[in-house]
There are 2 protein chains.
Amino acid sequence: MKYSKQRELILKTLQQNMIHPTVDHIYELVKKELPNISLATVYRNLNSLAETGVIRRIQGLDNAVRFDHNMCNHYHFICTKCNKVYDVPQDIAPDLSDNLSAETGLTAETYDITFKGVCHECQKKKQN
Amino acid sequence: MKYSKQRELILKTLQQNMIHPTVDHIYELVKKELPNISLATVYRNLNSLAETGVIRRIQGLDNAVRFDHNMCNHYHFICTKCNKVYDVPQDIAPDLSDNLSAETGLTAETYDITFKGVCHECQKKKQN
DNA sequence: ACAATAACGATAATCATTATCACTTTAAGG
DNA sequence: CCTTAAAGTGATAATGATTATCGTTATTGT
């Protein structure tokens, strides 16, 4: 993979971002620094970074794919009201790969747990 | 919700299907019995059945949404080669809702675990 | 049977994502 | 340091899944 300043900026932008942004969101952010960057370039680079294991792709609610720079094992909580994605530390679940192969014989390369519910913020809003 | 023979057929068709079909797949199946049925009707009914908790929507790999008539707790294994979706029994993981709320205070209404890897069938093919 | 309304079929519109292609940048070798 | 091949880019058209619209039809309670 050859270097490009676009890819460097896209990765840096994702790494500074905690909210599991969509492609469009990253596009808006990088445009501030490289106004001529193309949306296609953002897609291309996020996809290839995910393929090479530098970042992680998360698909859950609301059609649009999101990306996550945190490659450590962890899970996600998606708020069904505001669609925000929260991190959930991995120690709420034991490693499930062994259980899976013991029970089914299947070998998982990766796995994701996605919780859905209403986040603290939205529960407060509801009460008002 | 009013009765319609279209919705009845769509639900019956999904319930007889074990492979977590896409909307298009169900559309093709129900057309055999109701040739004039519209794709929009299939979308409409699958969505409303999922909203009312009669069936379950699963989003994982390969863009297209899939539906699952099995509402009992269980998880899914998606083959990264052939995109088939396999059921994984729930007893490979303890109930994680309690752990989640103990650790984070968040309350999950539902959660899904999606494993990714290569299924038996595709591993055999690989060796040939 | 009748009216109100939910559902339908057809199809246009939308939205996210991917493909294409002419042009530019990167990186390796002479 | 100049050349060149390959990878990357920007612009935009194309695709594919899903949703919205709208005139028509089926269902349901009275």
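Lettering of chains follows the sequences in order, A, B, ..., and the numbering in each one begins at 1. All heavy atoms count here, side chains included; hydrogens, waters and symmetry mates do not.
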| Residue pair L106(B) / C119(A): nearest heavy atoms and the distance that separates them | CD2-CA, 4.2 Å
| query | By salt bridge (Lys or Arg N to Asp or Glu O under 4.0 Å), which residues pair with D112(B), not counting sequence neighbours? | reply | R56(B)
| task | Kindly indicate whether the side chain of I19(A), heavy atoms from C-beta on, has any atom under 4.5 Å from the side chain of R66(A). | result | no
| said: Could you report the tightest heavy-atom contact between G53(B) and M71(B), atom names first, then the distance? | reply: O-CE, 3.3 Å
Solution key, residues 1-10 of chain A side-chain donor-acceptor pairs under 3.5 Å, sequence neighbours excluded:
residue, atom, partner, partner atom, Å
Y3(A), OH, E8(A), OE1, 2.7
S4(A), OG, R7(A), N, 3.1
R7(A), NH1, N45(A), OD1, 2.8
R7(A), NH2, K2(A), O, 2.1

| request: Quick one: which residue pairs count as a side chain to side chain donor-acceptor pair (under 3.5 Å) with a foot in residues 88-101 of chain B, not counting sequence neighbours? | output: D95(B)-S97(B), D95(B)-Y111(B)
| Would you say a side-chain N or O of Q6(A) is under 4.0 Å from OP1 or OP2 of dG10(D)? | yes
| In the hydrophobic clustering that connects Ile, Leu, Val, Met, Phe, Trp and Tyr at side-chain heavy-atom distances below 4.5 Å, which members other than M18(A) occupy its cluster, ordered by chain and number? | none
| message | Distance check, rounded to the nearest 0.5 Å: K116(B) atom NZ versus T80(B) atom OG1? | response | 9.0 Å
| note | Contacts satisfying ring-ring contact (aromatic ring centres under 6.0 Å, His included) that involve residues 73-108 of chain B (not counting sequence neighbours) are H20(B)-H76(B), H74(B)-H76(B)
| L9(B) has an atom CG; how far is it from atom C1' of dA26(D), in whole Å? | 16 Å
| Nucleotides bounding contact with chain A, strand DNA chain C, heavy-atom threshold 4.0 Å | dA16(C) to dA27(C)
| remark: Minimal heavy-atom distance between P89(A) and T104(B), with the atoms involved, is CD-CG2, 4.0 Å
| task | Quick one: pull up CG in L14(B) and CG in D68(B) and give me the separation to the nearest 0.5 Å. | result | 7.0 Å
Could you list the protein-to-nucleotides 19-25 of chain D atom pairs, N/O on both sides, closer than 3.5 Å?
residue, atom, partner, partner atom, Å
dT19(D), OP2, N47(B), ND2, 3.0

| Whole-Å gap separating P (dT9(D)) and NZ (K31(A)) | 17 Å
| field | Q59(B) CD - dT18(D) C1' separation (whole Å) | value | 12 Å
N/O-N/O pairs, protein side and nucleotides 28-30 of chain D side, under 3.5 Å:
residue, atom, partner, partner atom, Å
dT28(D), OP1, Y3(B), N, 3.4

| query | If an axis is fit to five pairs at each end of the helix from dA1(C)-dT30(D) to dG30(C)-dC1(D), what is the angle between the two, to the nearest 10°? | reply | 40°
| message | Between P on dA26(D) and CG on N45(B), what's the gap in Å once rounded to a whole number? | response | 16 Å
For residues 27-34 of chain B, please give each side-chain donor-acceptor pair under 3.5 Å, one per line with the distance, not counting sequence neighbours.
none

| task | Specify the closest pair of heavy atoms between L46(A) and I55(A), including all atoms of both residues, with the distance to one decimal. | result | O-CD1, 3.6 Å
| field | Residues that E103(B) engages under salt bridge (Lys or Arg N to Asp or Glu O under 4.0 Å), provided they are two or more places apart | value | none
| Nucleic acid contacts - residues 19-27 of chain B versus DNA chain C, non-hydrogen atoms under 4.0 Å | none
| message | Is any side-chain heavy atom of L96(B) closer than 4.5 Å to one of F115(A)? | response | yes
